[in-house]
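Comments concern the structure below.
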Amino acid sequence: MKDQLKDLLIKCIKELISKGILNEMPSRVRIDHTKDKSHGEYATNIALMLSKQAKKSPTELAKIIIDQLEDTSFIKKIEVAGPGFINFFISEESSTSIVNDILDQGSLYGRSKIGQGQKVLLEYVSANPTGPLHVGHGRGAAYGATLSNLLRSVGFKVDNEYYVNDAGRQMDILTVSIYLRYLTHCGENLRFPDNGYQGQYINDIAQVIYENSGHEFFQNSDLLFESVSKDGLEGGDKEIHIDQLIEQSKSILGESFKVIFKVGIESILSGIKNDLAEFGVVFEKWFSEQSLIDNGHSELCISKLKDSKNLYKKDGALWFKTTKFGDEKDRVVVRENGNHTYFASDIAYHNEKLDRGYDKIINVWGADHHGYIPRVKASIDALGHNSNKLEILLVQFANLYRGGSKVQMSTRSGSFVTLEDLRMEVGNDAARFFYILRKSEQHMDFDLDLAKSKTNENPVYYIQYAHARICSVFRQANEKELELDKSQANLSLLTEDIEKSILRELSRYKSVLESSAVQYEPHQLAYYLKDLATHFHSYYNACKFIVDDKELTQARLSLIHATRQILINGLSILGVSAPESM
RNA sequence: GCGCCCAUAGCUCAGCUGGAUAGAGCAACGGCCUUCUAAGCCGUAGGUCAUACGUUCGAAUCGUAUUGGGCGCGCCA
C-alpha cells in the first residue's frame, strides 16, 4: 500500500517535471504513516520540500500535485493540511485487506527482499575464552542475534561468526592458572599468582583433570616456582612473576602444557557455546585466531604490508604506519621480543573475512573498543580491500541494578554476574528483550527486579500476555465449536475506532521491520510490538469478540488472529517465545 | 589534553534520520472484574527537549560554543 502510493507520487512528480512545473526529482520521496488518524493513514511532505524549486507556496504546490495524481480505487480522500502536507485516506476495503494478507502469509508475513540477497558476515560476542560469559557480553549477544534475524527477514544472507582469541599470552596465563589449581588438587601447597584467573570455574576444570588423570601431570611445585621472582602483592612485579611462571611451566611440562591448555580452552568454549545456544544465539562459525598463525595467514599479511612499504622498525619493534590511513598514531604489529600483537592477528582476520567475498562485514563491539576502529580500517585499506565494506557497531555497557543499587563487577577477581546467572534469574525471554530494548549506543541500566516483575512495568510479559489472551479467546471459541473461517468474515464490519487503530498498527509492521533492520535498531521492533499489544489490550477490554452476529465474530476473530500472527513473527525475530497461556 | 558516545516528565526511556498540539511505562491521584486470563483497561496530573547562538517556511532532531556524565588514548587482549 505504502509502496503503491510512493510509486504513484513518483510518477506524478515526473509528470510535473515534464510539464516544467518542477525541475528535478528530490533525493528522497517519502510517504509516512501518520501519527494522528485525523491526518489519514499516510502523509507526505513532498510539497514542502519542493515548494522552493517550484517557486510556489507549499499548499499551492500540494494542490497541483493532487490534481496530477492518477485516480485510484484504494484512495478514499486526499487533502492538503497544515503547512502543506498531503494526507491520504485509504478506503475501508483496502485498509482491511491487511488482515487477509497476514492470514494468508502467516509466519512469512513481513519478509521482504530489500537486502537483495547480499552476503553479510556478522561478528559479535567474540569474548575471550578465558572464562564464562558475563552480563556485559549478554548485550552484544542479544543485539547481534536479533540483528541477524532482522537482516535475514529483509532479505540479507547472514553468517554469524564468533572470533575466538585462542592465541597469545592470556592463553598461557589461563593454562598456568588451571595447572596450579590442579596441583592444589594433587595436594600441593602453593601461592596462586595475583595475575592468574581467580574464578571458581578454573578450579572446576582443574578438578575434572585431576579426577580423570590423577597425578599424571604432577610436578613438584617448588620446582615450578624455583627462581621465579616475587609476585605483586609480595612487593615484586606481578607481570614478570606470571611470565616467569609461564616459561618455567612450559619447559618443565613440555607436551603436557599443551594438553592442559587444550582441556582448559575446550571446556571454557563448550561452556560458552552452551550458554549462547540456550540463549538462542547460534553461530555458523567459530573462527580461531590461532588458525591464522598456524596457516601462515598472519605472517603473509605482515609481509604484504612490508612489501607495500607500510611497515618500519623502531625501538626493535615492527610498526604499521596506520597514520597514513587516518589513525592518530602508528601501531606495533611485531613486538621487540618477536611476538605478534593482537592487532597483527586482527589484520589477518579482517583481511581473511574480506577475501571470503562478503558484500558487507559487520562487527558488533563493546564501546570501549572504539579507539580500535581506525587501525583496523587502516589495515583493510593498506591490504587493498575497501574499508567501507566494514561497519562497526558499538554497543555501550550495561550496568546491572538490584534493589535500586548498582551491582559491582570485577572480572579479574572472578566476582561477576555470569550470563547464565542472569538467564536463570530473569529467564531467557526477559533477558533477550531487555537487552535490545535500549538503543545500542545508549548506556543501559539493567534492572533485575524489573526484568523479573510480572506487571505492566515489564514489557515482555505485557506483549506475551496479549498473545496468550488471543490464544485463550480461540480456546473459548473452540469450546463453542467455533472455528476461524475467514471466508465468512465480513471485514467491513470492523468499524470501531479501536479496530481501525489496530488495522493501522498492523499495516505499519512491514515498514517497522525494514527500518529496524536497515538502521540496525532492534529496539524499534520491540517498541512496535509493545504498541501493538497496547492496542490489543484496549480492544480486549472494549469489545467482545465472540458475539451473536456470525459475520462480525468471524471478522473480529480474523483481526485478532492477524494480530497474534504479527506478535509471533515479531517476537520470534527478537528471540522471545510466545506462550499460549500464562 | 585529544577522540568517540550521551543529556527529553520526579524515575527508566521512545520520538520513524528536519515536519502538524513532544509520547510510553513506573511513581502520584480517581475509576473498571456475575461477561473471551485484572500479568489487563479507562481517566487526571506532570516538560524552557542541559544552556546559548546559528542554518530555514519549520529544530528535540542539523552546525558551532559552553556545561555535565560515560568510555578510550600500551610493544594488554
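Quick caveat: nothing in here was measured; it's all calculated off a predicted structure. Per chain, numbering begins at 1; letters A, B, ... match sequence-line order.
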For the residue pair A:Asp36 and A:Arg504, what are the closest heavy atoms and their distance? C-NH2, 4.1 Å

Under the criterion side chain to side chain donor-acceptor pair (under 3.5 Å), I'd like the reasoning laid out for A:Glu41 against A:Ser507: C-alpha separation, chi angles, the key distance, then a yes or no. CA-CA 10 Å; A:Glu41 277 72 36; A:Ser507 72; over 6 Å; no

Sequence neighbours excluded, which residues qualify as side-chain contact (heavy atoms from CB on, under 4.5 Å) partners of A:Lys55? none

With the side chain defined as heavy atoms from C-beta on, A:Lys35 is closest, among B:rA20, B:rC36, B:rC71, to B:rA20

By the 4.0 Å heavy-atom rule, please label A:Ala466 as base, sugar-phosphate, or nothing. nothing

With a 4.0 Å cut-off on heavy atoms, is A:Ser472 in touch with a base, just the backbone sugar-phosphate, or nothing at all? base

Below 4.0 Å: OP1/OP2 of B:rA20 and any side-chain N or O of A:Thr34: no

Quick one: closest heavy-atom pair of A:Ala468 and A:Arg475, and the distance? O-NH2, 4.3 Å

Could you work out which one of B:rC36, B:rC75, B:rA39 sits closest to the side chain of A:Ala317? B:rC75

A:Lys353 with A:Glu161: basic N within carboxylate O range, under 4.0 Å: no

Checking one value: the base orientation of B:rU17, syn if chi is within 90 degrees of 0, otherwise anti. syn

Students often get this wrong, so: under 4.0 angstrom with heavy atoms, is A:Asp315 touching a base, only sugar-phosphate, or nothing? base

Looking across every strand, which nucleic acid part, if any, lies under 4.0 Å from A:Lys329 by heavy atom: base, sugar-phosphate, or nothing? sugar-phosphate

So what does A:Ala477 hit on the nucleic acid, given a heavy-atom distance under 4.0 Å: a base, only sugar-phosphate, or nothing? nothing

Contact class for A:Glu336 (heavy atom, under 4.0 Å): base, sugar-phosphate, or nothing? base

Does A:Tyr143 have its ring centroid less than 6.0 Å away from the ring centroid of A:Tyr520? no

Given that both pair distances must be under 3.5 Å and the pair must be Watson-Crick or G-U, what runs of three or more consecutive pairs involve RNA chain B? B:1-5 with B:69-73, B:10-13 with B:23-26, B:28-32 with B:40-44, B:50-54 with B:62-66

Using the C1' atom as the point on both nucleotides, what is the distance between B:rC29 and B:rU61, in whole Å? 34 Å

Just compare B:rC75, B:rG40, B:rG72 and give me whichever is closest to any side-chain atom of A:His537. B:rG40

Aromatic plane relationship, A:Phe343 with A:Phe320 - under 30° parallel, 30 to 60° tilted, over 60° perpendicular: parallel

Under 4.0 Å, heavy atoms only, any strand: does A:Ser511 hit a base, just the sugar-phosphate, or nothing? nothing

So if I take every side-chain heavy atom of A:His370 and compare against B:rC4, B:rC36, B:rA39, which nucleotide ends up nearest? B:rC4

Any idea which of B:rC57, B:rA20, B:rC5 is nearest the A:Leu48 side chain? B:rC57

Nucleotide nearest A:Glu328 (side chain, heavy atoms from C-beta), chosen from B:rC71, B:rC73, B:rU17: B:rC73

For a quick check of understanding: with a heavy-atom distance under 4.0 Å over all strands, which category does A:Asp36 fall into, base, sugar-phosphate or nothing? base

Aromatic ring of A:Tyr540 stacked on base six-ring of B:rC36, 5.5 Å, 30°: no

For A:Phe85 and B:rA20, say yes or no: do the ring centres fall under 5.5 Å of each other while the ring planes differ by less than 30°? yes

Using the C1' atoms only, state how far B:rU48 lies from B:rC36, rounded to an integer number of Å. 48 Å

Quick one: which of B:rA20, B:rG19, B:rC75 gets closest to the side chain of A:Arg335? B:rC75

Which of B:rC16, B:rG40, B:rG3 is nearest the side chain of A:Arg469? It is B:rG40

Looking at every strand, decide which applies to A:Tyr372 at a 4.0 Å heavy-atom threshold: base, sugar-phosphate, or nothing. base

Looking at every strand, decide which applies to A:Cys471 at a 4.0 Å heavy-atom threshold: base, sugar-phosphate, or nothing. nothing

Pair A:His537, A:Arg469: side-chain N/O donor-acceptor within cut-off below 3.5 Å: yes

Would you kindly check whether a donor in the side chain of A:Asp368 faces an acceptor in the base of B:rA77, or vice versa, at under 3.5 angstrom? no

Within a 6.0 Å radius of atom CG on A:Asn337, are there more than 12 heavy atoms belonging to other residues, nucleotides or ligands? yes

B/S/- contact track for nucleotides 6-14 of chain B, protein heavy atom under 4.0 Å: S-----SSS

If you count every heavy atom of other residues, nucleotides or ligands that lies below 6.0 Å from A:Lys2 atom NZ, does the total exceed 12? yes

Give one of base, sugar-phosphate or nothing for A:Asp330, where a contact means two heavy atoms less than 4.0 Å apart. nothing

B:rA20 base stacked by A:His39? Criteria: ring centres under 5.5 Å, plane angle under 30°. yes

Taking A:Arg169 first and then A:Asp243, would you say they form a salt bridge - that is, a charged N and a carboxylate O separated by under 4.0 Å? yes

State plainly whether the residues A:Lys63 and A:Glu60 are in salt-bridge range, i.e. N to O under 4.0 Å. no

Per the atom types in the model, does the base of B:rG72 pair as donor or acceptor with the side chain of A:His369 at under 3.5 Å? no

Describe the nucleic acid contact of A:Lys314 in one word from base, sugar-phosphate, nothing, applying a heavy-atom distance below 4.0 Å. base

Record whether the side chain of A:Asn541 comes under 3.5 Å of the base of B:rG40 through a donor-acceptor pair of N or O atoms. yes

I want to verify a distance call: between B:rA77, B:rC36, B:rC57, whose nearest atom is closest to the A:Asn165 side chain? B:rA77

Chi-based syn or anti call at B:rC33, which uses purine or pyrimidine torsion atoms and a 90° bound: syn

Could you check which of B:rG25, B:rU21, B:rA77 has an atom nearest any side-chain atom of A:Lys530? B:rG25

